[in-house]
Enquirer: 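Please read through the structure below; I'll follow up with questions.
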Amino acid sequence: MATDAIRLLSPEGVLIESEENAAWLPLISALSEQQLLDFHRQMAVIRRFDIEAGNLQRQGQLALWIPSLGQEAAQVGSGYAARAQDTIFPAYREHVVGRIRGVDPMRIIELLRGQDHGGWDPKQHGNFHLYTLVIGSQSLHATGYAMGVAFDGAAATGDPERDEAVLVYFGDGATSQGDVSEALVFAASYQTPQVFFLQNNHWAISVPVATQSRTPLYRRAAGYGVAGLRVDGNDALAAYAVTRTALDEARAGLGPRFVEALTYRMGAHTTSDDPTKYRDDAELEYWTAHDPIARFEAFLRGRGVGDDFFASVAEEGEDLAADVRRRTLALESPPATKIFDHVYTDPHPDVAEQRAWLLAYEASFGGQA
Amino acid sequence: MATDAIRLLSPEGVLIESEENAAWLPLISALSEQQLLDFHRQMAVIRRFDIEAGNLQRQGQLALWIPSLGQEAAQVGSGYAARAQDTIFPAYREHVVGRIRGVDPMRIIELLRGQDHGGWDPKQHGNFHLYTLVIGSQSLHATGYAMGVAFDGAAATGDPERDEAVLVYFGDGATSQGDVSEALVFAASYQTPQVFFLQNNHWAISVPVATQSRTPLYRRAAGYGVAGLRVDGNDALAAYAVTRTALDEARAGLGPRFVEALTYRMGAHTTSDDPTKYRDDAELEYWTAHDPIARFEAFLRGRGVGDDFFASVAEEGEDLAADVRRRTLALESPPATKIFDHVYTDPHPDVAEQRAWLLAYEASFGGQA
Amino acid sequence: MTTMTMAKALNEGLRAAMRADEKVLLMGEDIGTLGGVFRVTEGLKSEFGPRRVLDTPLAESGIVGSAIGLAMRGYRPVCEIQFDGFVYPAFDQITSQLAKQTYRHGGAQSFPVVIRIPYGGHIGAVEHHQESPEAYFAHTAGLRVVAPATPHDAYWMIQEAIAGNDPVVFLEPKSRYWPKGEVDLSASGAALHASRVVRRGTDVTLIGHGAMVATLLDAAELAAAEGVSAEVVDLRSLSPIDYAPILESVRRTGRAVVVQEAPQQVSVGSEIAATVGERAFYSLQSPVLRVSGYDTPFPPAKLEGVYLPDVDRILEAVDRALAH
Amino acid sequence: MTTMTMAKALNEGLRAAMRADEKVLLMGEDIGTLGGVFRVTEGLKSEFGPRRVLDTPLAESGIVGSAIGLAMRGYRPVCEIQFDGFVYPAFDQITSQLAKQTYRHGGAQSFPVVIRIPYGGHIGAVEHHQESPEAYFAHTAGLRVVAPATPHDAYWMIQEAIAGNDPVVFLEPKSRYWPKGEVDLSASGAALHASRVVRRGTDVTLIGHGAMVATLLDAAELAAAEGVSAEVVDLRSLSPIDYAPILESVRRTGRAVVVQEAPQQVSVGSEIAATVGERAFYSLQSPVLRVSGYDTPFPPAKLEGVYLPDVDRILEAVDRALAH
Ligand SMILES: Cc1ncc(C[n+]2csc(CCOP(=O)(O)OP(=O)(O)O)c2C)c(N)n1
Ligand SMILES: Cc1ncc(C[n+]2csc(CCOP(=O)(O)OP(=O)(O)O)c2C)c(N)n1
Ligand SMILES: [Mg+2]
Ligand SMILES: [Mg+2]
């Protein structure tokens, strides 16, 4: 782990109450016991869900599964750092954040089963936007949205309970895309209330982060006049404190912020991928020893949290997994005419005509439509 | 002028032999008197040409003219910094560099008259590539070319007389384009022997550089792991010394470099533009007082160069202007079938068919084709 | 009725749309203080301020991508792309994002983003400044694509485009920016996608859009002098295409010539020829002919007269259609 | 003759091209160590080294833009775009740069860049992984666009594409990567742009490319059982299109159905319908019909079966063509 990363929890799960952490520690002290337990619960439950979803994919139930395995701390810390009024633009791996913001994991299952291209209405789900599969695109949507927040006067009023901010997730590979650069340019130009949250999980499918950049990626931000920090992304508390501060600075009108969380994709890129083709056992071993959930469990145990809690979390995970499995197996194919729904908002003659044609055509087979 | 810009010539044309300039001054001492005179000659002659071309446009002879007015020092310094074996990718305003590399100014006239989309073969013209009108695109071509130089083993052999480097020009507006970011990513990733030369002329048509970036643009480079420097772009000697060093470092295999030259577009963006709509007289006055050619003339006069030389340069400028005018007025429209030439390199049935059709069609009017 | 240029009509249309709905905002390169390189947005920044008329950084993907985000926030962004040839850096955001967002959101959210593109030739400009990129957008499901041919249409069509709830690529025939025409500022206009018969005729149907409409009318005039009665249809909308008036016309005339500045291959003209060929099959007395730009890059300005369809090339096609 | 998958045939074709000319290099995301997400480049990095098989940063415009620069340096880059839906970030470099560079250079320099794109549906994948973007490229002058339908064609066509001196968009029907077919490694193949009649017939001409060719053959088989004799033409090349065999066929059958996965509007199918309608006008006994993807975004995987043309939809069109 690079030494320039902010770390509040040691790999052994001990809170590092050092001088240099002085700025961040009050944010941690302010967390209630319940909040700390929730950090763990969300990580562990989604990890169990993640495994189940992978299994469902292998059993032919999903087109694809994208695991968040290993990145739970970066996600839970940043996800809880966002306030209720904030708006979040994920990439496609932020299952923990989605859950925090109230998205039923089944919506993600349906997306990756191929039932839907979206799945939820962000406005009804904690302002958690849809997954975006084209690398980096969402960074510009987030910036535009944040421009709107600024234009609406919904930030920088001085009231952190009401001022809005925007949080956008992307990966190390994404930093190479022109769109992410343009998003930084626009964000800096309009001084948007926005945090760029980079999960550097060290790989873009089979390509190591060194191919994307030979310099620490958080430094990218400064070149755009955007303040950037690096955090140990397997440390949920550091991810929380740094993102919380960045969001609060952004919402206060101090301009956009950039956070790089150093973490690791412990699993395959997706279920289509075979990481043994391109990476070392040793690397995986190192990171397995730095598992973010194990670290947080050690931290909680150090604070006296006992087996009961961990057992209840495990049970919740099992329940969710069973529920997801049951609900996945019960899914039916969407109706054929769904292909025409909402291509446009206003009526459209060609869509209407093709829809009518399809109905008539299917009816000609005896009404299987 | 920002204080972090390297400056070797004071606005009064006095060589600044300070401690902090110690690294650059030997490069200046190494220039022969003839070379120094050539710096001035190229700037002054192209400025005269530039004015003539603007007039020709206003008289309906050209579709457009893009002046280099005010940016001559940045161009002459960087242009002469390149060695014969280097390859240059201009944007569209680098008339001085083109001349240094042996491009007949008429080729640029023909381009902007609408006779041609290119005009010269880079291989036959000092490896000076075609102008690129789509902002930022050429940055990637330069990077790809430089990758090829590296793959060929034509750099980093340790022989600066043979090792090749690539120099690419772009403007402050261009820095906002995703392509320029991607060019930096690829350049850093492949450690190309390449210098990114940014002419920050403070404007992108009517948009001030502050809209593109709130932080000095040369700092953009560091975020990609590319060393960046800023130079007083109205100081031909500083532009020369810094670019020379950057190119030599790049060709030696030390990786890509980035130079920002602070200069000013003294004229309109193009002949289609009216800068009085968007900028202050005061600004133009300031920069007129910092005219790069006047500064260099003062420098030369300080070294004892006399009226004879300046008169001969003025005469050369007049001669070129007259020659360009004469040759422009003598230009004939290209033949109609030129629209089909070189759409492809290998034979193409559709192009052949449409060409034949056009010939037959024109013949039907009595052979005007 | 008042007389004005298309540039002014667009300016008035944008002004009316911005007055009607404060969520409408304009964004683009040089559109604010300068008023746009064609002055279409002149005066709007001073009337509506810099938060509703944005001089953006120089990045087309950034413009369209952030417009999508603004639409998610409830805005109705109108983006200006400075010239036709500079829309391609935004192609991914237009094609994979803007066009598909409504679908992806299952209708939970609309994307009323208008992308204004001054397009087409006839202005003697350098490379990338004279292209007709409509095929790329008309092929893309989720977009609507329109192009006015007159100041009056420009005035109401831009307002309809902004008021609608879908992404619209709004192509402005830049060579028609300056000729004046009658504009009825009080008329509400037709439906955005209605094509219109601009000249009645009986022998052949001429179909086109944008700057070609004026050329078709000139051609029809000359044809009339030679005893050929040409009907002229202004498409106005390239996606969807309003075929009813076209088919009605072709069923009467039995002959059709489709004219466009764009290259021919896989173009809007191809689509119209295919569809007319299919739906008016039994009425056609000769094949549907196309007169287009050649399948080459747009040539240097001195050769645009060779490249762009003109009255002579249109009449040559009319002759061929009638010869069958 | 040996039997192999199309993925393997492409792999062998690339290997042969790289052995034949050391200026050929491959670039793309995950094509090196991993061998590409479809394993088409498997083993090539270990054979030719990391300077000829480049695992690039994740940026498509960067890939194509730097390939252009490499071509200027004398290389012959073969770029892989990981999936159809990810080509759009490179659209500006493809359209305004790659396609136009030869023209701009007046022939002083060639741009032998091949862009390989696994394309099309039938693999049940998520959004952006099943599209057919050929219309965008076929409309763009300066590009050549081809798509093999069989392992054998894939083998020689990729070599022809690389050996030629123009930019080629090389569309690989990803659902055909895994079925095996006969490949003659010694055959030199036809001209890159030659279409081919893959089944003889007399009643109707079925035209398609890529994965649709197998579907057309299935449809022709079923039609035969019902007494209809269908001729099947594999286009192979979408720009330019080799019309001679198509027109020869349609002049015999009098009927044509064009089939493609892409949306219908302003598509390659539209172009073929328009051109066949024009050039075989007097031979046509019924309109040229098109069977295409619908004019919607490519739907979620569970609905791809509804969206993509299948044997039933093709036969329905054949019936309509014959009913006229
Ligand atoms: C524009 C684009 N190109 C290629 C892909 C294919 N692809 C999907 S994920 C991925 C790697 C992304 O890496 P990173 O940004 O680090 O995110 P991670 O998957 O590691 O979370 C690639 C190349 C894509 N989705 N979009
Ligand atoms: C992609 C693209 N968008 C827009 C334009 C129109 N345009 C031409 S020059 C220019 C400003 C460029 O500014 P800068 O990069 O600073 O270069 P300068 O002209 O000042 O030398 C613009 C917007 C273009 N040529 N290309
Ligand atoms: Mg990653
Ligand atoms: Mg500038």
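Numbered from 1 within each chain, the chains take letters A, B, ... in sequence-line order.
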Enquirer: Any non-hydrogen side-chain atom of C/Val126 less than 4.5 Å from a side-chain atom of B/Leu111?
Expert: no
Enquirer: Go through the structure and list residues passing side-chain hydrogen bond (donor to acceptor under 3.5 Å, both in side chains) with C/Thr140, not counting sequence neighbours.
Expert: D/Tyr136
Enquirer: Looking at B/Leu62, B/Val343, B/Ile205, which one has more heavy-atom pairs under 4.5 Å with chain C than the rest?
Expert: B/Ile205
Enquirer: Check whether B/Leu112 gets within reach of chain C through its side chain, its backbone, both or neither, counting any heavy atom under 4.5 Å.
Expert: both
Enquirer: I'd like a table of the N/O donor-acceptor pairs between chain C and chain B - cut-off under 3.5 Å, distance only.
Expert:
{"residue": "C/Asp30", "atom": "OD1", "partner": "B/Ser206", "partner atom": "N", "Å": "2.8"}
{"residue": "C/Asp30", "atom": "OD1", "partner": "B/Ser206", "partner atom": "OG", "Å": "2.6"}
{"residue": "C/Glu42", "atom": "OE2", "partner": "B/Lys277", "partner atom": "NZ", "Å": "3.0"}
{"residue": "C/Leu58", "atom": "N", "partner": "B/Gln212", "partner atom": "OE1", "Å": "3.0"}
{"residue": "C/Glu60", "atom": "OE1", "partner": "B/Gln177", "partner atom": "NE2", "Å": "2.8"}
{"residue": "C/Asp295", "atom": "N", "partner": "B/Gln354", "partner atom": "OE1", "Å": "2.8"}
{"residue": "C/Asp295", "atom": "OD2", "partner": "B/Gln354", "partner atom": "NE2", "Å": "2.8"}
{"residue": "C/Phe298", "atom": "O", "partner": "B/His117", "partner atom": "NE2", "Å": "2.7"}
{"residue": "C/Ala301", "atom": "N", "partner": "B/Gly114", "partner atom": "O", "Å": "3.3"}
{"residue": "C/Lys302", "atom": "N", "partner": "B/Gly114", "partner atom": "O", "Å": "2.7"}
{"residue": "C/Arg313", "atom": "N", "partner": "B/Tyr361", "partner atom": "OH", "Å": "3.1"}

Enquirer: For the candidates C/Pro89, C/Ala59, C/Gly62, C/Ala125, which exhibits the highest count of non-hydrogen atom pairs separated by less than 4.5 Å from chain B?
Expert: C/Ala59
Enquirer: On a heavy-atom basis, which atom in B/Pro334 and which in C/Leu303 lie closest, and how many Å separate them?
Expert: O-CD2, 3.5 Å
Enquirer: Answer yes or no: is there a side-chain heavy-atom contact under 4.5 Å between C/Leu58 and B/Val207?
Expert: no
Enquirer: Can you name the residues that form a side-chain contact (heavy atoms from CB on, under 4.5 Å) with B/Ala261, not counting sequence neighbours?
Expert: B/Ala74, B/Phe197, B/Val231
Enquirer: Is B/Ile135 close to chain C through its backbone or its side chain, or both, or neither, when contacts mean heavy atoms under 4.5 Å?
Expert: side chain
Enquirer: Just to verify, what does C/Glu47 make a side-chain hydrogen bond (donor to acceptor under 3.5 Å, both in side chains) with, not counting sequence neighbours?
Expert: C/Arg15, C/Arg19
Enquirer: Write down the atom of B/Ala63, the atom of C/Gly124, and the distance for their closest heavy-atom approach.
Expert: CB-O, 3.1 Å
Enquirer: Could you tell me which portion of B/Pro275 (side chain, backbone, both or neither) has an atom closer than 4.5 angstrom to a non-hydrogen atom of chain C?
Expert: neither
